[in-house]
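Residue numbering restarts at 1 for every chain, and letters A, B, ... go by the order of the sequence lines.
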2 protein chains.
Amino acid sequence: MTATALKIPETFFHSKMFRGLGQEELGRLTQICQRRRAASGEYLIHQNSTAQNVYVVVSGIVMIERLSRAGRRQVISFAFSGDYIGFTNTDEFEYSVVCLSTTELQMFPRRALLEIIDQYPLLKSNARLMGGNVLAQAMDHLFAMGQKKAHERVCFLLDQIQRRQCGISKSEIDLVMSRQDIADYLGLTIETVSRALAKLSGMSVIEITNAHRIRILDRVQLEEMASVH
Amino acid sequence: MTATALKIPETFFHSKMFRGLGQEELGRLTQICQRRRAASGEYLIHQNSTAQNVYVVVSGIVMIERLSRAGRRQVISFAFSGDYIGFTNTDEFEYSVVCLSTTELQMFPRRALLEIIDQYPLLKSNARLMGGNVLAQAMDHLFAMGQKKAHERVCFLLDQIQRRQCGISKSEIDLVMSRQDIADYLGLTIETVSRALAKLSGMSVIEITNAHRIRILDRVQLEEMASVH
DNA sequence: CGACATATTGAGATGGCTCAATACCTGTGG
DNA sequence: CCACAGGTATTGAGCCATCTCAATATGTCG
């Protein structure tokens, strides 16, 4: 480790965005990066506000949601450690972002970040790939909503969380979000989500430790039902 | 008009991608651009193939679809004149693209196009904005699927087509796609689509001239039901 | 421990699906 | 020009998954 390396927060490496970067790039990024800690329930981004900052989740979980004038809500996605949010291409946000737990974040001024990304090919390629992931994820979600039954959609979410929930490769799932959040993500009602979980439990695919903790018993069957490919 | 201007196909101006560009940029683009004409039913892109080319629709309509191993299909979107397709960030396509009518296209080698875009700030900004549009569109679609009833989803599609169908600002809609395509786009069955259209006709929101031609009678109500904002 | 929010369970209503019959549209050959 | 065939769309009837509304249970925080 060189002296300069010490200045770079280790958490930079949590995101794919920063994978494989050299000292120079990381140095530039460190200069514009601010640490931020947000409480559960805190809004990082408000729908219709101007896009100023980009965040990278270091730890915790955030939820991206969208409200209509009619008062209906669609949850767009959940973001975990390493995911970035607010990296939009338009100048105004079309969604809100709220923390579901105490969350540590890196905050970058959007303009400055875009400039730096522009200057380093590897960073640019990383950014492109991550943008591609967001779109691929949206298509998966679309598929689940259009083609799958309630209990399959729940499998889709469980599978996703299990894959992306950082650190844990075990079969334990920490269901941080509320039933209403899940329902609004999957286009269902809370009652249907509850019943779907009960059904999966009855099928011995999962075990419900308590309302916010699930154990996967049959990963093969879960993936089968979750699959959008 | 200068002499060089004559070499540039007028159709370049149909897409937002090329809006506001100078002679130099257009010249570079013309060099790598190929014209292509595709028949109805022809596949431009196959799911899981390598991303080689980017297309811009000059005239006609294409459909972006995604198949699962289980044989289910989700239609991702329909693309009209001026839309580009295949401009993916990953190296492999996660969807297929098929023409719904005789279609004129511009074809660009993806790598070369990316390089040129990189060199011209305005072009880069255009590309970013168009990428943002794709995502915004996906979120709208997600919202419609998660929160709306059958007849509202149909309104969502009709409204979209009416806005994007090139040239026509009238209330006539040319429904090129089949009922199955519509159903797979909206997460419904063909029967439900049929009934939804009949219902809207009964409400005097639309008039069904024939299976593939719709007249909008009450645009306000249509937008109201279609709205995802 | 009690109060309030959140989740589960139950019962009935309903929107959308399935299966089946009919209608319409388009192209082909007599 | 008409008759017919094949594909596509509409309509009908019954069923089932999901929604709605209501009651109960569980969890959380003062």
Side-chain angles (χ1 to χ4, degrees), chain A residues 39-41 63 70-75 98 100-102 144-158 173-203 206-214 225, chain B residues 39-41 63 70-75 98 100-102 144-158 173-203 206-214 225:
Chain A
S40 175
M63 172 169 73
R72 304 224 61 171
R73 180 179 77 145
Q74 176 65 44
V75 171
V98 57
L100 293 182
S101 65
T102 305
M145 301 265 275
Q147 310 300 328
K148 295 207 164 270
K149 297 211 183 291
H151 69 280
E152 295 173 319
R153 293 188 212 179
V154 170
C155 288
F156 172 73
L157 175 65
L158 293 177
I173 288 182
D174 197 9
L175 223 49
V176 180
M177 61 290 291
S178 73
R179 291 292 185 271
Q180 189 62 62
D181 295 337
I182 297 176
D184 288 346
Y185 178 66
L186 299 174
L188 303 168
T189 58
I190 49 173
E191 294 94 333
T192 302
V193 171
S194 230
R195 280 187 253 267
L197 284 167
K199 179 175 184 171
L200 292 170
S201 174
M203 293 166 74
I206 61 171
E207 184 187 308
I208 304 172
T209 311
N210 65 54
H212 294 281
R213 181 155 286 262
I214 305 285
M225 289 189 284
Chain B
S40 175
M63 172 170 73
R72 303 223 60 172
R73 180 179 78 146
Q74 176 65 45
V75 171
V98 57
L100 293 183
S101 65
T102 305
M145 302 265 275
Q147 310 300 327
K148 295 208 164 270
K149 298 207 182 292
H151 69 280
E152 294 173 320
R153 293 188 211 179
V154 170
C155 288
F156 172 74
L157 174 64
L158 292 177
I173 288 182
D174 197 8
L175 223 50
V176 180
M177 61 289 291
S178 73
R179 292 292 186 269
Q180 190 63 62
D181 295 336
I182 297 176
D184 289 346
Y185 178 66
L186 299 174
L188 303 167
T189 58
I190 49 173
E191 294 95 333
T192 302
V193 171
S194 229
R195 279 187 254 268
L197 284 167
K199 179 175 185 172
L200 292 170
S201 175
M203 294 165 73
I206 61 171
E207 184 186 308
I208 304 173
T209 311
N210 66 55
H212 294 281
R213 182 154 285 262
I214 305 286
M225 289 189 284

Which whole-number value in Å describes the distance from [X] [atom1] to [N] [atom2]?
{"X": "B/His151", "N": "C/dG16", "atom1": "NE2", "atom2": "C1'", "result": "13 Å"}
{"X": "B/Lys148", "N": "D/dC19", "atom1": "NZ", "atom2": "P", "result": "16 Å"}
{"X": "B/Arg72", "N": "C/dC17", "atom1": "CZ", "atom2": "C1'", "result": "11 Å"}
{"X": "B/Arg153", "N": "C/dG16", "atom1": "CZ", "atom2": "P", "result": "7 Å"}
{"X": "A/Leu186", "N": "D/dT18", "atom1": "CG", "atom2": "P", "result": "12 Å"}
{"X": "B/Glu152", "N": "D/dC19", "atom1": "CD", "atom2": "C1'", "result": "15 Å"}
{"X": "B/Met145", "N": "C/dG15", "atom1": "CE", "atom2": "C1'", "result": "17 Å"}

Residues two or more places apart in sequence or in another chain: which of them pass side-chain hydrogen bond (donor to acceptor under 3.5 Å, both in side chains) with B/Glu152?
->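 Once residues adjacent in sequence are excluded, B/Glu152 has no partner under the side-chain hydrogen bond (donor to acceptor under 3.5 Å, both in side chains) criterion.
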Would you say B/Thr189 reaches C/dG16's phosphate, i.e. side-chain N/O to OP1/OP2 under 4.0 Å?
-> no
Can any side-chain N or O of B/Lys148 pair as donor or acceptor with the backbone N or O of B/Val154 at less than 3.5 Å?
->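 Not confirmed, B/Lys148 side chain does not pair with B/Val154 backbone.
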B/Glu207 side-chain N/O to B/Ser201 backbone N/O, donor-acceptor pair under 3.5 Å =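 No, because the side chain of B/Glu207 does not come within donor-acceptor range (under 3.5 Å) of the backbone of B/Ser201.
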With B/Asp184 as reference, evaluate B/Arg73, B/Arg153, B/Arg179 under the salt bridge (charged side-chain N to carboxylate O under 4.0 Å, His left out) test and give the passing residue.
->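 Going through B/Arg73, B/Arg153, B/Arg179 one by one, the salt bridge (charged side-chain N to carboxylate O under 4.0 Å, His left out) with B/Asp184 is satisfied by B/Arg73 alone.
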Under 4.0 Å protein heavy-atom contacts per nucleotide of nucleotides 6-13 of chain D, with B for base, S for backbone only and - for none | ---SBBBB
Find the bend of the helix from C/dC1-D/dG30 to C/dG30-D/dC1 as the angle between its two terminal axes (five pairs each), to the nearest 10°.
-> 30°
